[in-house]
Structure formats: structure tokens, C-alpha cells
Amino acid sequence: MASGRGAGHGGAPALAVRGRAAGEAQPRPWPGPEWRLPPAGQAPPVCPFQSVVRSQRLQDLSGDGGVRKQELRPGTGQAVPPNASVAVKFSGYLEDQDKPFCTNCYSKSPGLMKLGKDITLLGLEVGLLTMKKGELSKFVFTPGYAYGQRGCPPLIPPSATVIFEVEVLDFLDSAESDTFFELTAEQQAAFPLQKVLKVADTERQFGNYLYRKRHLDDAKDRYKKALSILGLSPSSEAEQRQINASKLLLLLNLSLTYLKLDRPTQALVYGEKALEIDQRNAKALFRCGQACLCMTEYEKARDFLARAQCIQPFNHDINNELKKLARCYRDYMNKEKEMCCRMFASLNTSSA
């Protein structure tokens, strides 16, 4: 796994973002784009370096001792596949220090990093391919799999052996999706329906991950990207149902995301598109009702929400939104009444 990827200019590994030419600036001393030093007054993680290095439980992943692993907590499911995008927490330690030279453990929601592109340490790539979701492990990287003979001054000395503690929070396998979007429009059109649906589902999962992390604009773009490839011409009613099912999920997600972005007009547009596919979809009716309420279109909001309630009469969200609508409408009418009273009072004063 290490062959062909570690040799750089002067014998140091080319560990920066792929495509860096020989002789360019040294790789940065962190494995990916998201990292920061510990906040002032907050204690950093501590790593007893020598006890890990000398541990007999270390597994040799590279076959030459360059990447060794100690599993601290097992994960579940499949291992991280090549070309996946991963969300990880990590801390890196030097041989003579117990405090990390880099960490992203203070980030509440680490972003996704793509293997082969955003992950900049060869040893970390090798290690991640053996990890599962939820796993916590420590790795020892010799210089050839870390920062090379030159190191990365001033933080990383020459020929430094380093330890990384890594936790896999989540990952998404984007290989097939990446391949699809690199094709021409004609090549994409020739793709089998099932593969197109799988690509759309992968993009939707990316959008869901970004939504959960409150990256709403990025989530919206992912949903739109998935929707853009579903303008297919089905060969049967069964295929049309599959396409509509995929579209419906994306339209509902877009409607919700635009609501969170305080853009109710767009939320209504996508909610109504969802209703074109399924006019009795309670979520779509609910989203449209929410959007209309935000736009103070009370009659339309009541119509949508009442239809949703007929389909799901015991849905707490729908019933609470109808109560909210009643309060908003009552407040609106009271303000209208007050304004009319002030206007007539002004007219009476003028005529007197």
C-alpha cells in the first residue's frame, strides 16, 4: 500500500494534497484541512508516547513497521472504503511531547475529508482504510509515512516518528458518485437507472450529513445536485415510480432546508413540487403550511395544514403548527383592529 506514494523530493514523502510538484513548499504539519491548536486555558489531549510505541499489541499495517496500529475501541459495520469521505477527530503527537502539535478535537462538527485529496498524511490514509465507524485507535507513523527526512519546520523536526489518535465519526462512500460526475452528459445519460439512483442517494446522504452539521447552504447544493440527474425518461411505470420516490425525498429535504434558511418562498416551491408527485404526502403539506405561515399567508397555511391533519390527525407537529397558526392569526387580527380604531379616532378628532 505504501509503494509509489511516499517518495518525494530528496527522499521525503510527498504528503501534501495530491498533485503537489517536487520542490514546492513543505507539507503542512496536519493531516487535513480542519485543525486548530487548543483554545487558551483549555487542556489539550495527552498521549504517553513511549508506552504506545513500545506496546506489543501494535499491529503492523504496512508490512515494514512504518504504520502500526493499536485499537482502543472497536467500531461497527464495514471498514472505510477507498475514495470515501470521512469525518474524523484526530490529535498528533511528537516523540518527546505529551501535548499534541495538531488536533481538531475542539471542533464540534469536523467536516468531511476525502481520502486521496484532503487527507495529507500517507500513514493516516493507510490507517483509516482499516477503521470502522465509531472506532478509536492510535497509530505510530515512521518518517516515511509521516513528514519525511526534512520534517515540517518549525513544528515537526527532521525524521520524526509521530503518533496519531484517530476516531472515525462517520464516512460516506463517494467513489461511484465521483466517477459519475466526471462523465460527460452523454455518458451520464447512458448510465443504468439503478446506478443513477444510487448516485442520487449518495448525494442525498451527503446533504443529510451536512444538514445535521448545520451546513445548510452546502446541504442544499448537494440535494440540488442529486435532483439534477433525475430528469430521466423511464421505460416503464415501475421505473417512473422509482424515480419519483427518489425525487420526493430530495424535494422534501430541500423544502425543509429552505425553511431553516428563512427562505419560505423557495420552501413552498419545493413543497408544491413534492405534492405534484404525491398530493397526499403529509410532510409536503406540512412544509407548505409552514412556508405559508412564515409568509403570513394565513388562509393558504390553514388549507395546507388542515389537509395534512386529515391524513395524520394525531401528528403532534401538525397539530402544534395549527395552534401556532391560530395564535398568529389572532394577533394579526388584533393588530388590524387596533390600527382601525386609531384611524377612526383620528378622523373623529379631525371632524370635531
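Here the structure is a predicted model, which is why all the values come from computation and not from measurement.
No donor-acceptor pair closer than 3.5 Å links the side chain of S137 to the backbone N or O of V166. Remark: side-chain polar atoms of S85 are not paired, donor with acceptor, to backbone N or O of L112 under 3.5 angstrom. In this structure a side-chain-to-backbone donor-acceptor pair under 3.5 Å is missing from E272 to C288. Judged by distance alone, with hydrogens and angles left aside, the side-chain atoms of S255 form no donor-acceptor pair with the main-chain N or O of L252 at under 3.5 Å. The closest donor-acceptor contact from the side chain of N319 to the backbone of P313 lies under 3.5 Å.
Figure legend: cation-pi geometry between K273 and Y270, with NZ or CZ positioned under 6.0 Å from the six-membered ring centre and within 45° of its axis.
The two residues A291 and A267 have their closest heavy-atom pair at CB-CB, 4.2 Å. Considering all non-hydrogen atoms of both residues, N281 and L248 come closest at ND2-CD2, 3.7 Å. Across A79 and L129, no two heavy atoms sit closer than the pair CB-O, 3.7 Å. Taking all atoms of both residues into account, the shortest heavy-atom contact from K195 to F191 is CB-CD2, 3.7 Å. Between G65 and T142, the shortest heavy-atom contact is O-CG2, 3.7 Å. Residues L61 and G127 share a closest heavy-atom pair of CD1-CA, 4.0 Å.
Both V126 and V162 belong to a single network of hydrophobic side chains, linked directly or stepwise wherever heavy atoms of I, L, V, M, F, W or Y lie under 4.5 Å apart. By the criterion of side-chain heavy atoms lying less than 4.5 angstrom apart, applied directly or through intervening Ile, Leu, Val, Met, Phe, Trp or Tyr residues, L121 is grouped together with F171 in one hydrophobic cluster. Linking Ile, Leu, Val, Met, Phe, Trp and Tyr residues whenever their side-chain heavy atoms come within less than 4.5 Å places L254 and I243 in a single cluster. A continuous path of ILVMFWY side-chain contacts below 4.5 Å connects L216 to L227, so both sit in one hydrophobic cluster.
Under a cut-off of 6.0 angstrom, the local environment of CZ in R302 is sparse, with at most 12 non-hydrogen atoms contributed by other residues, nucleotides or ligands. Atom CD of E237 sits in a sparse spot, with 12 or fewer heavy atoms from other residues, nucleotides or ligands closer than 6.0 Å. In the displayed structure, K283 atom NZ is contacted under 6.0 Å by at most 12 heavy atoms of other residues, nucleotides or ligands. Heavy atoms from other residues, nucleotides or ligands lying under 6.0 Å from NZ of K114 number more than 12.
With respect to D303 and R307, a salt bridge is recorded, a charged nitrogen being found less than 4.0 Å from a carboxylate O. Using a 4.0 Å cut-off between charged side-chain N and carboxylate O, K213 and D218 make no salt bridge.
Contact annotation: the side chain of Q149 approaches that of S159 to within less than 4.5 Å [non-hydrogen atoms, C-beta and beyond]. For the pair T76/K132, no side-chain contact is recorded, criterion being any heavy-atom separation below 4.5 Å from C-beta on.
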**OP:** Show your working on side chain to side chain contact (heavy atoms under 4.5 Å, CB included) between V88 and M131 and close with a plain yes or no.
**Re:** CA-CA 11 Å; V88 299; M131 297 185 73; over 6 Å; no
Original post:
Does the side chain to side chain contact (heavy atoms under 4.5 Å, CB included) test come out yes or no for S177 and F206, once each step is laid out?
Top reply: CA-CA 11 Å; S177 178; F206 269 102; 5.7 Å; no
**OP:** Before giving the answer on side chain to side chain donor-acceptor pair (under 3.5 Å), spell out for Q242 and Q194 the whole-Å C-alpha distance, their side-chain angles and the decisive distance to 0.1 Å.
**Re:** CA-CA 9 Å; Q242 287 181 294; Q194 296 307 317; 3.2 Å; yes
**OP:** Assess whether side chain to side chain contact (heavy atoms under 4.5 Å, CB included) is satisfied between I163 and F139, documenting all intermediate values.
**Re:** CA-CA 5 Å; I163 275 186; F139 297 92; over 6 Å; no
**OP:** Please report the C-alpha distance between L293 and Y298 in whole Å, then the side-chain angles of each, then the deciding distance to 0.1 Å, and finally whether the side chain to side chain contact (heavy atoms under 4.5 Å, CB included) criterion is met.
**Re:** CA-CA 6 Å; L293 179 54; Y298 298 125; 3.7 Å; yes
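Here the CG atom belonging to N104 is positioned 4.0 Å from the CZ atom belonging to F90, to the nearest 0.5 angstrom. Note that CZ of R222 is 13.0 Å distant from NZ of K220, once rounded to the nearest 0.5 Å. The CG atom of L124 sits 8.5 Å away from atom CG of L115, with the distance rounded to the nearest 0.5 Å. Rounded to the nearest 0.5 Å, atoms NZ (K133) and CG (L172) are 8.5 Å apart. Going from atom CG of L94 over to atom CD1 of I156 covers 4.5 Å, rounded to the nearest 0.5 Å. Remark: S233 OG to Q240 CD distance equals 9.0 Å, nearest 0.5 Å.
When each of L232, L230, D201, I229 is checked for a side chain to side chain contact (heavy atoms under 4.5 Å, CB included) with S246, only L230 meets the rule.
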